[in-house]
S.K.: 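Here you go, one structure.
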2 protein chains.
Amino acid sequence: MLPQRRQKILAAIVEQYIETGEPVGSKALQSIAGLDVSSATIRNEMAELTAQGFITQPHTSAGRVPTQAGYRYYVDNLMKPAELEENERRRIESGLDYRSGDPEQLLQAAGETLVDFTNFAAISTTPSDEHAFIKNIEMVPVSPKMAMIVLLTSTGILKSKACRTDVPITADLQDAFSDIVRKNFFGTPLSDVNTVMIQTLVASLGAKALSMSPLLVTISDLVEAASVSEVNLSGQSNLLGYKEYNDNAGQLLDFLHKEEPLGMLVSGSGDSDSDIEIRIGSENRYKELENSSMIISKYKIGDNATGAIGIIGPTRMNYSKLVPSIKYLTDIISKFLSDVYEEESSSGEEDS
Amino acid sequence: MLPQRRQKILAAIVEQYIETGEPVGSKALQSIAGLDVSSATIRNEMAELTAQGFITQPHTSAGRVPTQAGYRYYVDNLMKPAELEENERRRIESGLDYRSGDPEQLLQAAGETLVDFTNFAAISTTPSDEHAFIKNIEMVPVSPKMAMIVLLTSTGILKSKACRTDVPITADLQDAFSDIVRKNFFGTPLSDVNTVMIQTLVASLGAKALSMSPLLVTISDLVEAASVSEVNLSGQSNLLGYKEYNDNAGQLLDFLHKEEPLGMLVSGSGDSDSDIEIRIGSENRYKELENSSMIISKYKIGDNATGAIGIIGPTRMNYSKLVPSIKYLTDIISKFLSDVYEEESSSGEEDS
DNA sequence: ATTAGCACTCGGGACTAATGAGTGCTAAAA
DNA sequence: TTTTAGCACTCATTAGTCCCGAGTGCTAAT
């Protein structure tokens, strides 16, 4: 634990640097930190902080800049989360519009809101619920040998896909299909639908197997698509403006562009004790992010489904202001989604 | 019309500049242009070309660079579209995968292909067909007071939206709904569905009006969504690499980010005599694009539906190579989509 | 009409000098 | 023992200067 005064100085350095982006020197600190000591004393403390690895100087004759460890210490011990102002609250709320009832849209909107609000890039995932089950499957004929299959899950995710069949689609076929679907899929957890399950089912169909097979494979595809939580990134171009990325912003954008690691980004470390996670610089496991920080917050729907939303920006970001904003946004999302979830859960299995 | 030799020189300048990005001088041209004249003669011609506004020099002691007018003249009169090599063909083809039957996906894939192939940004629109009509509308109950409405158009576009109802959804309601839908919407051109039409319909329902209203409004929304051709942009981050955008790439990306003008970009000038359109620098109506060129190609499905696909990049792009590539890609798209269209058109109105 | 020759221009790189913010250290003061 | 004043030192940054060389435009000869 750092001595009181040194903490104060570190906090002042971090906050000042976050605000101005310039290395901060001992003189400047004198007035900012509210300490009644001379700049020389502060310099001594700063030398200590430097030795301990919390701050560093870009070059000999410059002020100090927080290191990653410095940010970490600040975030863990010194930072006082700011109170959200009323107009900020409103701003966050007004960005979210949840009439549509579609979780994917809500998360998208939440991302956009964060982008507007923070001027960073935002990342969000649609809820993934290991206990989600199939609510409904519909087949909509499109042409003699083509149909749309529509899948709806208990979490409100809707997926659809076109499917070409080998044989013409007749009324009989449709009836048979909805029969099979009703018996085998309704209420089935998404995780239970896999290739083996589909093949076993096809095998059991006997004569109908040939005509049904493509349709069932399509169902499998849809379930797959619905299981994977979608990762959404927006506001990347905001990052271009920050001088810390300067010339190699392209690299970062390219990295963010290929979706694969994004899921990893938010899934992150398993310590679910805290609902908000701050990752600074190389704490992100990717070297492309070594100059970036993420603030990731998990939302919950009921007890099972979870997802995450957060931001990506330069390590020099206003943590104390951003954390409460993201927390607030997450709360709203959780509430919205839980409402719908409740509604749906209570609906039972009524059919027409 | 420029004299033969001057044309040759202009072409050489444009091509050389496109290749190297460096201003090209008289000496260099001597060997490139294949002219057996001295550099002094070439200088005289260059002076003429400069006077005519086709080329310019960045500073007094530098070589020449094509002006916008220079590119234009080159593109209109001098450029010989390159033959596509076999492996380039394959590369384009392999990027497109049209098993899914979903036009939106195909266009998306086409965009990605262009991005990979050209290293520029790609833009594409989904087909818009003024004669498109409603093929099917389904209602899928989700919870007591909530349903998914799914719309399918004759062009294969599928849209869905959640809808909250004021009264619980009963089997009766569902039957009534599909009855109304069948009678009033099936086969209706998208353009015929509008607020007035919906209101008239609601008014005619009498007692059922209250329960149906939200559902019908949702249909209206869906039709709206299906009518508007979606604009897709990808590969923006590629543009960061080009030094012509240097420091203000952010501006361009921001511009491309807000979707609104994108539709305008591709809809463009009405001269439909040529299926491929090249817009150089300020020929694009937006000042953010004054250093960019677009190559836009229109695809057709049957006789009605059209859309566009193209690229955006710095004016210094290899027009003679890109034009045939994009043309080829467009041909493939047209073919793919037309195939499905035929299939669907021939399907008639069979119902289950 | 073409060409050789030449003076001229000017961006960019290399080098130098001056500036000044900020430091670390030392020795005196509290 | 802690704090402070003072001072020499470092080094990024900026401005100034010089020089090089690619490329030009012009003129006079072919």
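Note that the structure is predicted; figures quoted are calculated from it, not measured. A note on names: the letters A, B, ... follow the listed sequences, proteins ahead of strands, and every chain is numbered from 1.
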S.K.: State whether A:Y328 and A:K321 meet the cation-pi test: NZ (Lys) or CZ (Arg) under 6.0 Å from the six-membered ring centroid, and within 45° of the perpendicular axis.
M.R.: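 Pair A:K321/A:Y328 does not count as cation-pi.
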S.K.: Under the rule for side chain to side chain donor-acceptor pair (under 3.5 Å), what residues qualify as partners of B:T50, not counting sequence neighbours?
M.R.: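 Here the qualifying residues are B:R64.
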S.K.: Between protein and nucleotides 15-24 of chain D, map the contacts as a letter string: B base, S sugar-phosphate only, - none, heavy atoms under 4.0 Å, written 5' to 3'.
M.R.: -------BSB
S.K.: Please report, rounded to the nearest Å, how far the C1' atom of D:dT3 is from the CD1 atom of A:I9.
M.R.: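 About 13 Å, once rounded to whole Å.
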S.K.: Is the distance from the ring center of B:F54 to that of B:Y74 below 6.0 Å?
M.R.: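 No, too far apart.
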S.K.: Run the salt-bridge test on B:E85 and B:R89 with the 4.0 Å N-O cut-off and return the result as yes or no.
M.R.: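 Answer for the salt bridge query: no.
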S.K.: Take the protein atom CD of A:E48 and the nucleotide atom P of D:dT2, then report the distance between them rounded to whole Å.
M.R.: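 The distance from CD of A:E48 to P of D:dT2 comes to 11 Å, rounded to the nearest Å.
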S.K.: Which residue pairs pass the salt bridge (Lys or Arg N to Asp or Glu O under 4.0 Å) test with at least one member in residues 70-80 of chain A, sequence neighbours excluded?
M.R.: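 For residues 70-80 of chain A: A:R72-A:D76, A:R72-A:E283.
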S.K.: Starting from P on C:dA1, measure out to CG on B:L35 and report it in whole angstrom.
M.R.: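 Whole-Å distance recorded here is 17 Å.
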S.K.: Starting at atom CG of A:L29, determine the distance to atom P of D:dT3, rounded to an integer number of angstrom.
M.R.: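 It works out to 16 Å between those atoms.
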S.K.: Please check if any side-chain donor atom of B:S39 sits under 3.5 Å from a side-chain acceptor atom of B:S26, or the reverse.
M.R.: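 No, B:S26 and B:S39 have no side-chain donor paired with an acceptor closer than 3.5 Å.
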S.K.: Please give, in whole Å, the distance from D:dT4 P to A:D36 CG?
M.R.: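 A:D36 atom CG is separated from D:dT4 atom P by 9 Å.
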S.K.: Using whole Å, report how far CG of A:N44 lies from P of C:dA27.
M.R.: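 So the two atoms are 15 Å apart, to the nearest Å.
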S.K.: What is the distance from CZ of A:R5 to C1' of D:dT4, rounded to the nearest Å?
M.R.: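 So the two atoms are 12 Å apart, to the nearest Å.
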S.K.: Could you tell me how far apart A:R6 (CZ) and D:dT3 (C1') are, to the nearest whole angstrom?
M.R.: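 From A:R6 CZ to D:dT3 C1': 14 Å.
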S.K.: Let me know, please, whether B:S38 or B:H59 comes out on the 5' side of the other along DNA chain C by nearest nucleotide.
M.R.: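 Closer to the 5' end of DNA chain C: B:S38.
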